[in-house]
Amino acid sequence: MNTKKTAITILAILVIILGLFFTGLYIQTEKMFRESYSSEYSYQVTISAERSLDNVTLILPLPSWNGNSPIGEAILQEEGYGFPDDWKCSLVEIDGAVMLQISADRIVPTYRNLITPTPIRPGETPPPTPEIITSTEYSEATPVLIPIEFGVSLRDVEEINTRDPLGNEPVLSPKRNLTLAEEPYDTPTPPGGVSVSSYYTFESPFSAAYACDPETLVTIDISHQGGNSWWVLGWSGNSFRESVSITLIGPDPGWQYGTGSLRTGEGRYR
């Protein structure tokens, strides 16, 4: 009888110890989650112009919602990176969306030489650092076009609705022909085996006015992402991401539509 009581007592003590252990673990992991939790938006534009552009005015999609664009406001406050000093940026409203207008007297391309990596075996002396040669025109000596890259990152914002950003978060705007589509690439299934991600295709308008040679090719790529991240015994998080691009040929292309895609609900959710 005493043996039975002793066993029950030991079992009860073990249950209490395990309960305290898991309660403490839960409290600690929740503390890690809260203290490390952060949210961030990032917006980047890449422009590749094969030849010089003169008297340039571009109107580009921006992330906006309900007539507001925190990314656009940050650009006006000169909080971005990569913007040339001689560019003038402003915000314009088109079809209820906020868009970025860029004006510049001239955009001149930069080309560089092709640098081929040289393998080095253990014990060998590294070769001299290759010289970088640049030019404003394509040539056999400088065949690599260096694109212009600029953008903005907004950190420590409020939690982002990455499952359903449409109608809840600033997204690239305006959009037309927004269509729920089949994901063209296989994406890994998150822990738990249930995916909450969705894939959309859409079109967004661009406006471009400039003088250039008739054969000049200009490519504009825009990417935007919103994400939440945290650290609980390792980094984790979730995000949505979207991109849109367009290729223009010749002077004064005017208004044209680029093609884009949006992926929502990527990553892990608690």
Side-chain angles (χ1 to χ4, degrees), residues 42-63 71-72 75 78-90 92 94 99-120 125-153 172 184-185 201-225 241-261:
S42 61
Y43 171 79
Q44 180 169 294
V45 181
T46 302
I47 299 178
S48 299
E50 292 184 343
R51 302 183 184 182
S52 296
L53 311 177
D54 292 296
N55 300 320
V56 181
T57 300
L58 303 174
I59 300 179
L60 310 178
L62 266 180
I71 289 286
I75 292 173
E78 299 183 353
E79 297 174 1
Y81 61 87
F83 289 85
D85 293 336
D86 59 343
W87 285 13
K88 296 179 181 178
C89 296
S90 58
V92 295
I94 305 292
M99 302 187 73
L100 174 63
Q101 179 169 290
I102 296 173
S103 301
D105 292 334
R106 199 163 201 238
I107 294 179
V108 180
T110 300
Y111 288 86
R112 67 167 175 83
N113 55 320
L114 179 63
I115 299 175
T116 304
T118 302
I120 303 173
T125 302
T129 302
E131 180 184 3
I132 297 178
I133 303 171
T134 61
S135 172
T136 58
E137 295 181 352
Y138 172 89
S139 69
E140 291 185 2
T142 53
V144 181
L145 176 62
I146 302 175
I148 302 171
E149 294 183 346
F150 56 92
V152 173
S153 293
L172 291 176
Y185 307 107
T201 59
F202 64 88
E203 296 177 321
S204 284
F206 291 69
S207 177
Y210 44 73
C212 64
D213 292 338
E215 300 82 11
T216 300
L217 198 69
V218 177
T219 301
I220 305 175
D221 298 297
I222 300 176
S223 63
H224 173 235
Q225 178 171 321
R241 55 192 171 98
E242 56 182 338
S243 61
V244 62
S245 61
I246 194 169
T247 298
L248 307 168
I249 302 175
D252 291 330
W255 283 99
Q256 296 191 30
Y257 278 86
T259 57
S261 63

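Residues Thr57 and Ser103 come closest through the heavy atom pair OG1-OG, 4.1 Å.
The backbone N or O of Arg106 lies less than 3.5 Å from no partner atom in the side chain of Tyr210, so there is not a single donor-acceptor pair. Side-chain atoms of Asp105 do not come within 3.5 Å of backbone N or O of Asp86 as any donor-acceptor pair. At distances below 3.5 Å, at least one donor-acceptor pair connects side-chain atoms of Glu242 with backbone N or O atoms of Leu172.
Listed by chain and number, the residues in a side chain to side chain contact (heavy atoms under 4.5 Å, CB included) with Thr201 are Thr179, Ala181, Tyr199 (sequence neighbours excluded).
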Tell me, with the steps shown, if Ile220 and Val45 meet side-chain contact (heavy atoms from CB on, under 4.5 Å).
CA-CA 7 Å; Ile220 305 175; Val45 181; 4.1 Å; yes
Apply side-chain contact (heavy atoms from CB on, under 4.5 Å) to the pair Glu50 and Glu215, showing each step before the final yes or no.
CA-CA 9 Å; Glu50 292 184 343; Glu215 300 82 11; over 6 Å; no
Please assess Phe206 against Leu60 for the test side-chain contact (heavy atoms from CB on, under 4.5 Å), listing each intermediate value before the final yes or no.
CA-CA 5 Å; Phe206 291 69; Leu60 310 178; 3.8 Å; yes
List the steps, then state whether side-chain contact (heavy atoms from CB on, under 4.5 Å) holds for Val218 with Ile107.
CA-CA 11 Å; Val218 177; Ile107 294 179; over 6 Å; no
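The aromatic rings of Phe150 and Phe83 sit tilted relative to each other, their planes meeting at an angle between 30° and 60°.
Applying the side-chain contact (heavy atoms from CB on, under 4.5 Å) test between Arg112 and each of Thr142, Val144, Leu145, Ile133 identifies Val144 as the sole match.
The local environment of CD in Glu79 is crowded, with over 12 non-hydrogen atoms from other residues, nucleotides or ligands closer than 6.0 Å.
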